[in-house]
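Letters A, B, ... mirror the listed sequences (proteins, then strands); counts begin at 1.
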Amino acid sequence: MLRSHTCGQLRAAHIGQTVRLSGWVNRVRNHGGLAFVDLRDRYGLTQVVLDPQAAPAAFAGGSDLAAEWVVAVEGLVRARPEGQTNVDMATGEVEVLVQSLTVLNPSQVPPFEVAREINVDDSQRLRYRYLDLRRTRMRRNLLLRHQITAFVRAFLNDEDFVEVETPILMKATPEGARDFLVPSRVHPGKFYALPQSPQQLKQLLMVAGLDRYYQIARCFRDEDLRADRELEFTQVDMELSFVEAPDIMALNERLFLDLVKSVTPELRIRQEPFPHISFHEAMERYGSDKPDMRFGLELTDLAPALAATAFRVFASTLADGGRVKAVAAPQTFTRREIDELEALMKELGAAGLAWLTREAGGESRGSVAKALTAEEQGAIFELTGAQPGHTVFIVAGHAALVAKCLGRLRQDLARRLNLIPEGELCFAWLVEPPLFEWNEDQGRWNSVHHPFTAPDPRDLALLDSDPGQVRAMAYDVICNGYELGGGSIRIHDRAIQQRVFALLGLSAEQTESQFGHLLRAFDFGAPPHGGIAWGLDRTVAILAGESNIREVIAFPKSLSAVDLLTGAPSSVPIEDVHILGLRLAASDPPDASAALPATG
RNA sequence: GGGGGCGUGGUGUAGCGGUUAACACGCCGGCCUGUCAAGCCGGAGAUCGCGGGUUCGAUCCCCGUCGCUCCCGCCA
């Protein structure tokens, strides 16, 4: 071993021992006649002292040291002098008086300072990710991620779950996101797809009698990236047999609660047990299917106040079946702030943002202060609970647009008004989502979740008469405005499955070619089953207090889907393309393969 | 595919139609025996992302482009 202890280990109890430490030079403080070096490894920092009187050779050798050199030292643990202990350091009571020093590997001057906790340009961090990962923030996040996966495995193992790996090379599926395709060399013109999730396989495992399956599974979706979306991400995926929705929700709720109490006990859980809110209610009250419920600012329907309004914009919206809704904020706004908010609304597709500030003595001002009667304004203030000095923001339009705009406005106002409590987690279950949504482009129904989600038995009759009203036996777990995950009870009844496929516009031939394997399995005794999958990256990010999942992924892609560390995606020799039975499109440079970039 | 923000020594920032392009950290040299963001002195280091345009003059204004980023579309 090149060390006897780690750099985070030594305490007063070790005083008098001779130890060997290895690590990176975090910082050097050279006083000329005496030098201090902070040695760093994953476990912490230890101050080592180079004293020419104690070890002239080590002192001489140490005069070259610079940040990020890898060194080993051997020396004596001793108490720091009176008044020199460092209370901010776990090892701050002691130091190591170096007797010998070995440079294991020098370092170039790093492109950014590892030891300083400053913002560094993202592309720089990704290009030198191995240096970024040495920094406190990323080390902390990766360790938290490990604690979370370790906890999840222990919890589920203890609940009799079996961890099963499923293939990465899969069959392409038409539903859902765009697949990553992998051409087959053995079968030219045919493709594997990387899994968007192990959905079908985990259902087959239920047919196989595994009873309880889980996997910390990598998933792939070829869609544009966001702060909370990567090309590849990790799901905690599980499926259970002989259960009903409340069983799955209860198990996962217990998992989340125990997890938070175990790995981030400093975070408060706002409400426990988790509140349940229907999809419909979430859209009505918060304008979102993943509302951040750490603050109020709920949406108000203004229709009752505007039943007979002469203001054309609102009257015609209501007459056309649209909605006029509002968010009330407990303060006034400057013209500039209102312009910013209106610009945001227009960006999202709203025609405009109406506003009304209530003033003392029944007065008001705002963009619709003259367009609405005193009675209408009074009713609006009444409905929204706006007091004098408060401002009501109003958006009119079709229901989905109003929800999108006000849901976002609510979030934006909460941030501006500093209404979002720190260190708090507000979990909730979002229940009773619709089973289908109408696909305008293709003129047919789409599954909201996936085609195997069971309809609520209470709504079976609606499958034929009004599919849009059918509720799904599905549930999402949300937290602080993020969708952490979702799941459902699956269809195990062949007849219902076929009615769903029919509604999705799938012919018998398409059903057979796309899902035949699954349906055949269900003909051999499928147990009632259901499951859930939740996003590990988002969960870690929330618990780490990060707003971007790249901060909790060791080697993420940039937002433009490029791996800045390795240079992927890259060109390949054209023969490698041809051997797969592929030809590049004519618009591509014919010698694209010649541009194989040097790695590193 | 669309919209917004950012791009200035190695790093993080300031600046602005005419500057010797400023500051901090880092780096290099010197001094320094109790520091822990060590200190003090000195120094090097920037064709202001790239291309074009406007202008007597552009780091600054305009257009295009590239990179990072946030959002819409897309995606559960």
Check whether any side-chain nitrogen or oxygen of [X] sits under 4.0 Å from OP1 or OP2 of [N], and answer yes or no.
X: A:Ser123; N: B:rG67; value: no
X: A:Gln124; N: B:rC68; value: no
X: A:Arg29; N: B:rU35; value: no
X: A:Asn548; N: B:rC70; value: yes
X: A:Ser560; N: B:rG67; value: no

Query raised in the report: Looking at the side chain of A:Asp122, which of B:rU69, B:rG34, B:rG10 is the nearest nucleotide?
Result: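 Nearest nucleotide to the side chain: B:rU69.
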Report task. With a 3.5 angstrom cut-off on both distances, give the Watson-Crick or G-U wobble partner of B:rG29, or none if there isn't one. Result ->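 Per the H-bond distance test, B:rC41.
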[atom1]/[X] to [atom2]/[Y] distance, rounded to the nearest 0.5 angstrom?
X: A:Trp534; Y: A:Met238; atom1: CH2; atom2: CE; value: 6.5 Å
X: A:Asp132; Y: A:Met138; atom1: CG; atom2: CE; value: 5.5 Å
X: A:Asp179; Y: A:Glu223; atom1: CG; atom2: CD; value: 9.5 Å

Report task. Identify which one of A:Arg550, A:Arg145, A:Gln235, A:Arg229 satisfies the side-chain hydrogen bond (donor to acceptor under 3.5 Å, both in side chains) criterion when paired with A:Asp537. Result ->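 When side-chain hydrogen bond (donor to acceptor under 3.5 Å, both in side chains) is applied between A:Asp537 and each of A:Arg550, A:Arg145, A:Gln235, A:Arg229, only A:Arg145 qualifies.
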Can you tell me, in whole Å, how much space there is between the [atom1] of [N] and that of [M]?
N: B:rC23; M: B:rG2; atom1: C1'; result: 39 Å
N: B:rC28; M: B:rA44; atom1: C1'; result: 7 Å
N: B:rC6; M: B:rC75; atom1: C1'; result: 26 Å
N: B:rA22; M: B:rA46; atom1: C1'; result: 12 Å

Give [X] one of three labels, base, sugar-phosphate or nothing, depending on what nucleic acid heavy atoms sit under 4.0 Å from its own.
X: A:Asn119; result: sugar-phosphate
X: A:Pro81; result: base
X: A:Leu564; result: sugar-phosphate
X: A:Arg40; result: nothing
X: A:Ser197; result: nothing

Report summary line: Its contact letters, B for base, S for sugar-phosphate only and - for none at protein heavy atoms under 4.0 Å, make nucleotides 71-76 of chain B read SBBBBB
Query raised in the report: Is there a stack between A:Phe112 and B:rU11, judged by ring centres under 5.5 Å and planes under 30°?
Result: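 No; centroid distance or tilt outside limits.
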Query raised in the report: Can a donor-acceptor pair under 3.5 Å be found between the side-chain atoms of A:Asp121 and the base atoms of B:rC68?
Result: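 Under the 3.5 Å cut-off, the side chain and the base do not form any donor-acceptor pair.
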Query - A:Arg125 (side chain) and B:rG12 (base): donor-acceptor pair under 3.5 Å - result: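 Counting by modelled atom types and ignoring angles, no donor-acceptor contact under 3.5 Å is found here.
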Query raised in the report: Could A:Arg416 and A:Asp412 be called an ion pair, given the rule that one side-chain N must be under 4.0 Å from one carboxylate O?
Result: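 Salt bridge between A:Arg416 and A:Asp412, a charged N being under 4.0 Å from a carboxylate O: yes.
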Query raised in the report: Are a donor atom and an acceptor atom from the side chains of A:Tyr213 and A:Asp237 found within less than 3.5 Å of each other?
Result: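 Checked: A:Tyr213/A:Asp237 side chains pair up, N/O donor to acceptor below 3.5 Å.
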Query raised in the report: Do A:Arg139 and A:Asn141 have side-chain N/O donor and acceptor atoms under 3.5 Å apart?
Result: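 On atom types as modelled, these side chains do not qualify, holding no pair under 3.5 Å.
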Query raised in the report: When the ring centroid of A:Trp445 is compared with that of A:Trp438, is the distance short of 6.0 Å?
Result: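 Yes, ring centres under 6.0 Å apart.
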